[in-house]
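Quick note on labels: first sequence line is chain A, next is B, and so on, each numbered from 1.
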Protein chains: 2
Amino acid sequence: MEFPTLIDHMRLHISLTDEEAATVLSKTRTRKFLKNQFVVQNGDVCQFESFVLSGCLKSFYIDDDGQEHVVAFAVENWWTGDLGSFITQSPAELNVQCLENCVLAQIHYSELQELYREVPKLERFFRLIIQNAFVAAQKRIIQNFTLPARDRYLQFREQYSNIEQRVPQYLVASYLGITKEFLSKIRSEMIMK
Amino acid sequence: MEFPTLIDHMRLHISLTDEEAATVLSKTRTRKFLKNQFVVQNGDVCQFESFVLSGCLKSFYIDDDGQEHVVAFAVENWWTGDLGSFITQSPAELNVQCLENCVLAQIHYSELQELYREVPKLERFFRLIIQNAFVAAQKRIIQNFTLPARDRYLQFREQYSNIEQRVPQYLVASYLGITKEFLSKIRSEMIMK
């Protein structure tokens, strides 16, 4: 059982008694996914908040021309899902797909509502988690407006320090909103310097 | 006193007893700002979460070339500030400036930490508020990647339905990441159709 990882992660932000931890675990399931399997599919309601115990995932959007745009990556100790779909329980705009075999700790929407009642401290936990996610999203909006691709790539490497080796370059390029040829050019220029 | 507006707004999301409401109000101040006055200045720590009782504000970023990029607008019943600066208590990257005379209900960082202890329901309130803000920010990232400027403008009008008449067009253009000439073109094409 790799569940304790989730509790350790929560205890970085809030104190949980053993009883409270047991309540959280009683409403959490672990599930294994194979590489390429989908955790969330566009059009389905996102039913779970997913915490990554092991593996690497991408969340992405397909535009009207069928082109894929990577919105975020997730690795161990990150949360993933389509939060917009989850909180409104309406069809997801995003897809979440495994880039490696993954093990996720998942909390179902209705179980989470119960958990908020039974362990109100979780309100604080998720407030802190989502606060950080919001700040990161806002930074990315600013960077997309203001930074050249090379600097956005440096920021990406800082934010996702251990991810670059684990994901194909064309997905990094998609995340940065540039072609993979342009990313290759940036990388080779950086190596030459 | 226009304070009750803040409590009404909180009660849309959480139940507050009159005693809890009084505690919130005891740690909240109202402050008037003149048009063009700054609520947050780049480089200063953002000390307050600000709730708009009346008026209209922009938050914006100045890039290395001195160009302004509008990150968000705020009107009545919206929150504003530089959340990244506020939660880490480090210097702000953003500026928040009044586009009209404004009245804000402000909660100081240290008062808010006390409020979280005294009225733990506020954890839930701010979780819900920030969750919505995160989803909106993520939508904007996707739109900037995938939608042509005309569609981004339509989305802006939907999200900020009553703001367009209150702010200069060049700021709307800045928010959309386009020139004001291009925005004029989009608008005149829409009127002609």
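Most heavy-atom pairs under 4.5 Å with chain A, from the set B:Asp64, B:Ile87, B:Asp65, B:Val71: that is B:Ile87. Across A:Glu123, A:Lys121, A:Gln67, the residue that shares the most heavy-atom pairs under 4.5 angstrom with chain B is A:Glu123.
Here the CG-CD1 distance, from B:Asn132 to A:Ile130, works out to 9.5 Å after rounding to the nearest 0.5 Å. The distance from the CD atom of A:Gln131 to the CD atom of B:Gln131 is 12.0 Å, given to the nearest 0.5 Å. Rounding to the nearest 0.5 Å places CZ of B:Arg140 at 13.0 Å from CZ of A:Arg140. Rounded to the nearest 0.5 angstrom, B:His69 NE2 and A:Thr146 OG1 are separated by 5.5 Å. For the atom pair B:Lys139 NZ and A:Tyr61 OH, the distance stands at 10.0 Å (nearest 0.5 Å). One finds the CD atom of B:Gln138 at 13.5 Å from the CD atom of A:Gln138 (value rounded to the nearest 0.5 Å).
Neither the backbone nor the side chain of B:Ser59 comes within contact range of chain A; no heavy atom of the residue lies under 4.5 Å from a heavy atom of that chain. Using a 4.5 Å cut-off between heavy atoms, B:Phe86 does not touch chain A at all. Of the atoms belonging to A:Ile129, not a single heavy atom falls under 4.5 Å from chain B. Looking at A:Ile62, there are no atoms closer than 4.5 Å to chain B (heavy atoms on both sides), in backbone or side chain.
A continuous path of ILVMFWY side-chain contacts below 4.5 Å connects B:Tyr160 to B:Leu176, so both sit in one hydrophobic cluster. B:Ile107 and B:Phe48 sit in two unconnected hydrophobic clusters of ILVMFWY residues. Membership requires side-chain heavy atoms under 4.5 Å apart, directly or through other members. Under the 4.5 Å side-chain heavy-atom criterion for grouping Ile, Leu, Val, Met, Phe, Trp and Tyr, B:Phe126 is connected to B:Ile7 within one hydrophobic cluster. Hydrophobic clustering (ILVMFWY, side-chain heavy atoms < 4.5 Å, transitive): B:Phe134 and B:Leu128 are in distinct clusters. Under the 4.5 Å side-chain contact rule for hydrophobic residues, A:Leu147 and A:Leu154 do not share a cluster.
Residue A:Glu181 qualifies as enclosed at atom CD: its count of foreign heavy atoms under 6.0 Å is above 12. Surrounding NZ of B:Lys27 are more than 12 heavy atoms belonging to other residues, nucleotides or ligands, all under 6.0 Å away. Annotation: B:Gln113, atom CD; neighbour count of heavy atoms from other residues, nucleotides and ligands within 6.0 Å is above 12.
Seen from the ring of A:Phe125, B:Arg127 does not count as a face-on cation partner, given the 6.0 Å and 45° thresholds.
Residues A:Ile142 and B:Asp63 form no side-chain contact, since every pair of their non-hydrogen atoms from C-beta on lies 4.5 Å or further apart. Annotation: side chain of A:Val135 is not in contact with side chain of B:Thr88 (no heavy-atom distance under 4.5 Å).
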